[in-house]
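Reading through the C-alpha cells given below for one structure.
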Amino acid sequence: MYNFEFAKPGSVADAVSALGEDEAQALGGGQTLIPTLKQRLASPSTLVSLTGIADMVGISDAGGVMTIGGATTHAAVAAGGGAYPALAAMASHIGDPAVRNRGTVGGSLANNDPSACYPCGALASGATIVTNAREIAADDYFQGMFTTALEEGEIVTSVKFPIPERANYQKFVQPASRFALVGVMVAKHADGVRVAVTGASEGGVFRWTEAEEALNGNYSADAIDGLNASADGMIGDMHGTPEYRAHLIKVLTKRAVAAS
C-alpha cells in the first residue's frame with residue numbers, strides 16, 4: 001500500500017469534520033476498501049474509521065421497526081436480530097466469519113456492491129437509510145451499480161428496517177467470493193409485498209414489480225408460475241449468462257415465498 005493518515009473519531013460530528021479534509025475517505029469494516037487500496041485503485045490521504053463511534057453501534061426494535069447502527073457488524077446482526085429473523089439469517093451467510101466480524105451494515109450500503117446482500121434486504125424491507133444529514137427511503141437511495149444518493153462526506157449512521165409479516169432471503173452463492181450470484185428477498189408487509197433482487201442486474205439491486213403484483217393477489221409460490229424475469233440488462237460473465245441469472249430470479253423468488 002502507501003502512506004496515509006488514520007483518524008478514529010469518537011462522535012459522528014468529529015467524523016464529519018475529519019471527512020471534510022481533502023481526499024479523506026470513510027472506513028467501516030474495510031472489507032472492500034482495504035483490498036481496493038492494496039490494488040492502488042484508490043489513494044485517499046486520510047482514512048476516517050467509523051468503528052469507534054458508540055452511537056453508530058447496536059440494534060434496537062420498537063414499534064415494528066428494527067434500527068441498526070451503521071457501524072454494527074454483520075455478525076452482530078446475525079446474533080442479535082431476532083426481531084427480524086429473515087434479516088438475521090441473511091447476515092449470518094454473508095462472506096465468511098472474518099468478513100462477518102469486520103464488515104458493517106453502513107459500509108455495505110454505502111458501497112452498494114451489485115451483488116451484496118444488505119442492499120437487497122434494505123430494498124425488500126422498505127428500509128430508511130439514516131445519515132448525519134437526513135433520512136433516505138431505500139427506493140430513492142440505490143441509484144445504480146456502486147452508486148447511491150449519499151453526498152460527499154455523508155455518513156450512514158443507522159438503518160431503520162420495518163419488520164414484515166413474513167420474509168425470506170434466498171441466495172445462490174458464488175463459491176469463491178461468497179457474494180450472491182443472484183439473491184432474492186421477499187417481504188410481505190401489511191401494505192403489500194416487496195421483492196428485491198441482487199447480483200443479477202447491471203444496474204444493481206432492483207425490485208421485481210411483476211412478481212410483487214402477482215404475490216399481492218395470491219401470496220404463494222404458484223402465483224409467479226406464469227412470470228419470467230427478462231434477461232435484458234442482466235449481468236453476463238464467466239459465472240453465468242444473463243439468461244441464467246434471469247432464470248435464477250424466478251427460482252429463488254418461489255423458494256423465498258415458500259420458505260417465508
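Linking Ile, Leu, Val, Met, Phe, Trp and Tyr whenever their side-chain heavy atoms come within less than 4.5 Å leaves F179 and V77 in two separate clusters. Cluster membership for L27 and V48, using ILVMFWY side-chain heavy atoms within less than 4.5 angstrom, is not shared. Taking hydrophobic clusters as Ile, Leu, Val, Met, Phe, Trp and Tyr residues chained together by side-chain heavy-atom distances below 4.5 Å, M185 shares a cluster with L109. Criterion: ILVMFWY side-chain heavy atoms under 4.5 Å apart, direct or through other members. Under it, I235 and L123 are not part of a common hydrophobic cluster. No single ILVMFWY cluster, assembled from side-chain heavy atoms under 4.5 Å apart, contains both M234 and V205.
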Let me check something: any side-chain donor-acceptor pairs from residues 6-17 under 3.5 Å, sequence neighbours excluded? List them with distances.
{"from": "S11", "atom 1": "OG", "to": "D14", "atom 2": "N", "distance (Å)": "3.1"}
{"from": "S11", "atom 1": "OG", "to": "D14", "atom 2": "OD2", "distance (Å)": "3.2"}

Which atom pairs, one a donor and one an acceptor, fall under 3.5 Å between side chains of residues 148-159 and the rest of the protein, sequence neighbours left out?
{"from": "T148", "atom 1": "OG1", "to": "L150", "atom 2": "N", "distance (Å)": "3.2"}
{"from": "E154", "atom 1": "OE1", "to": "R134", "atom 2": "NH2", "distance (Å)": "3.1"}
{"from": "E154", "atom 1": "OE1", "to": "E151", "atom 2": "N", "distance (Å)": "2.7"}
{"from": "E154", "atom 1": "OE2", "to": "T131", "atom 2": "OG1", "distance (Å)": "2.7"}
{"from": "E154", "atom 1": "OE2", "to": "R134", "atom 2": "NE", "distance (Å)": "2.8"}
{"from": "T157", "atom 1": "OG1", "to": "V130", "atom 2": "O", "distance (Å)": "3.1"}

Please list every donor-acceptor pair under 3.5 Å in which a side-chain atom of residues 80-92 meets a protein atom from a residue at least two apart or in another chain.
{"from": "Y84", "atom 1": "OH", "to": "S125", "atom 2": "OG", "distance (Å)": "2.7"}
{"from": "S92", "atom 1": "OG", "to": "A89", "atom 2": "O", "distance (Å)": "2.6"}

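For the pair Q25 and P44, the tightest heavy-atom approach, listed with the atom from each and the gap, is CB-CB, 3.6 Å. When all heavy atoms of A71 and T104 are compared, the closest pair comes out as O-CG2, 3.6 Å. Pairing each heavy atom of A26 with each of L50, the nearest pair is CB-CD1, 4.2 Å. Across all their heavy atoms, A214 and I224 have their closest contact at CB-CG2, 4.2 Å.
The existence of a salt bridge linking E212 and R194 is excluded, since no basic side-chain nitrogen approaches an acidic carboxylate oxygen closer than 4.0 Å. A salt bridge links D225 with K254: the distance from a Lys NZ or Arg NE/NH1/NH2 to an Asp or Glu carboxylate oxygen falls below 4.0 Å.
With hydrogens and angles disregarded, a donor-acceptor distance shorter than 3.5 Å links the side chain of N216 to the backbone of V193. Side-chain atoms of H189 come within 3.5 Å of backbone N or O of A124 as a donor-acceptor pair. Distance alone, capped at 3.5 Å, is enough to place a donor-acceptor pair between the T72 side chain and the G58 backbone. The main-chain N or O of G64 is never found under 3.5 Å from a side-chain atom of D61 such that the two would form a donor-acceptor pair. Under the 3.5 Å distance criterion, the side-chain polar atoms of N228 are left unmatched by any main-chain donor or acceptor of K250. Checking side-chain atoms of T253 against main-chain N and O of V251 turns up no donor-acceptor pair under 3.5 Å. Checked by atom type and distance alone, the side chain of N101 pairs as donor or acceptor with a backbone atom of P97 at under 3.5 Å.
To the nearest 0.5 Å, the span separating CZ on R255 from CD on Q170 amounts to 6.5 Å. Separation of atoms CG (N218) and CD (E213) is listed at 14.0 Å; rounding is to 0.5 Å. Distance check: C117 SG to Y169 OH gives 3.0 Å after rounding to the nearest 0.5 Å. Within the model, atoms OG1 of T198 and CZ of F172 stand 15.0 Å from one another, a figure rounded to the nearest 0.5 Å.
At most 12 heavy atoms of other shown residues, nucleotides or ligands fall within 6.0 angstrom of atom CG in D22. No more than 12 heavy atoms of other residues, nucleotides or ligands shown are found within 6.0 angstrom of CG on D55. Other residues, nucleotides and ligands contribute at most 12 non-hydrogen atoms within 6.0 Å of the CZ atom of R102. No more than 12 heavy atoms of other residues, nucleotides or ligands shown are found within 6.0 angstrom of NE2 on H93.
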| task | For I59 and M66, run side chain to side chain contact (heavy atoms under 4.5 Å, CB included): C-alpha distance rounded to whole Å, both residues' side-chain angles, the deciding distance at 0.1 Å, then the answer. | result | CA-CA 7 Å; I59 303 169; M66 175 179 284; 3.9 Å; yes

| task | List the steps and the verdict of side chain to side chain contact (heavy atoms under 4.5 Å, CB included) for E5 and L47. | result | CA-CA 6 Å; E5 298 297 320; L47 291 183; over 6 Å; no

| Check against side chain to side chain contact (heavy atoms under 4.5 Å, CB included), V186 and S260 | CA-CA 8 Å; V186 177; S260 65; 5.6 Å; no

| task | Might you work through the side chain to side chain contact (heavy atoms under 4.5 Å, CB included) test for T67 and F161, ending with a clear yes or no? | result | CA-CA 6 Å; T67 302; F161 291 91; over 6 Å; no

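Connectivity analysis of hydrophobic side chains (ILVMFWY, heavy atoms under 4.5 Å, direct or indirect) links V65 to nothing; its cluster partners are none.
With sequence neighbours excluded, the residues that form a salt bridge (Lys or Arg N to Asp or Glu O under 4.0 Å) with E135 are K160.
Pairs passing the ring pair (Phe, Tyr, Trp, His ring centres under 6.0 Å) check and including a residue from residues 94-144, sequence neighbours excluded, read H74-Y118.
Using modelled atom types, one finds no donor on one side chain facing an acceptor on the other under 3.5 Å when comparing S220 with D222.
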